[in-house]
Amino acid sequence: MKNIIYSLLLVSISFTGYMNAQTSFSLTASQSYNNDFQNGERNAFDICAGLNSKNEFFIKPILLGVNFKLASGVLYEKSDKFEKERVLPTDNELFFEMISKYPVGWKIDPYVSFNLRTQLTEAMRFSNNKKVK
């Protein structure tokens with residue numbers, strides 16, 4: 001128990017805190033309507049949301065960076081070319097990265113990195129008016 005207390009005290013003394021933090025949230029929506037003689041009438045509505053976060057912590061002597069990105073969106077489309085309306089996922093990503101650097105002042109500091117990138121929902125595309133996963 002005593003060793004745990006000393007370890008926590010040592011970490012809290014050497015922790016100099018939050019160095020840099022950047023977080024942004026975006027929400028976009030767009031609608032388009034086209035009508036031409038070749039393709040016919042097309043109406044589309046697209047909505048997307050995104051969250052980006054970049055944080056850096058300095059725990060002597062290591063610089064720890066944590067990056068996070070979440071993007072999700074959906075497209076609703078109605079057209080004369082298709083038999084019925086369709087809804088497709090557009091932005092579809094979850095990304096997490098952790099970087100641990102040892103800043104020694106060289107041109108390239110030694111680092112260790114871990115990242116995770118995956119899709120949130122099942123991706124689809126249309127081929128001959130049929131959804132293909």
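Values below: all heavy atoms of this structure, side chains included; hydrogens, waters and symmetry mates excluded.
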Worked check of side-chain contact (heavy atoms from CB on, under 4.5 Å) between T28 and C48: CA-CA 5 Å; T28 59; C48 300; 3.5 Å; yes
So do the side chains of [X] and [Y] get within less than 4.5 Å of each other, counting heavy atoms only?
X: N43; Y: E77; result: no
X: V104; Y: P110; result: yes
X: Q22; Y: S53; result: no
X: F96; Y: V66; result: yes
X: F114; Y: E97; result: no
X: Q119; Y: E93; result: no
X: T90; Y: D46; result: yes
X: R42; Y: S32; result: yes

When you group the ILVMFWY residues by side-chain heavy-atom contacts below 4.5 Å and let the links chain together, are [Y] and [X] in the same group?
X: V74; Y: Y76; result: yes
X: V87; Y: I47; result: yes
X: F45; Y: L75; result: no

Which heavy-atom pair separates [X] from [Y] by the least distance, and what is that distance?
X: W106; Y: D109; value: N-OD1, 3.4 Å
X: Y102; Y: I62; value: CD1-CD1, 3.9 Å
X: N35; Y: Y33; value: ND2-OH, 3.7 Å
X: P103; Y: F58; value: CG-CE1, 4.3 Å

Measure the spacing between [atom1] of [X] and [atom2] of [Y] and express it to the nearest 0.5 Å.
X: K78; Y: K84; atom1: NZ; atom2: NZ; value: 13.5 Å
X: L70; Y: N92; atom1: CG; atom2: CG; value: 10.0 Å
X: E56; Y: N67; atom1: CD; atom2: CG; value: 8.0 Å
X: K54; Y: I99; atom1: NZ; atom2: CD1; value: 9.0 Å

Does F95 CZ have over 12 foreign heavy atoms under 6.0 Å away? yes
Checking E41 against N34 for the side-chain contact (heavy atoms from CB on, under 4.5 Å) test, could you report, in this order, the C-alpha distance in whole Å, the side-chain angles of both residues, the deciding distance, and whether it holds? CA-CA 6 Å; E41 186 176 322; N34 299 328; over 6 Å; no
Per the side chain to side chain contact (heavy atoms under 4.5 Å, CB included) rule, which among N55, L51, N52 passes with F68? L51
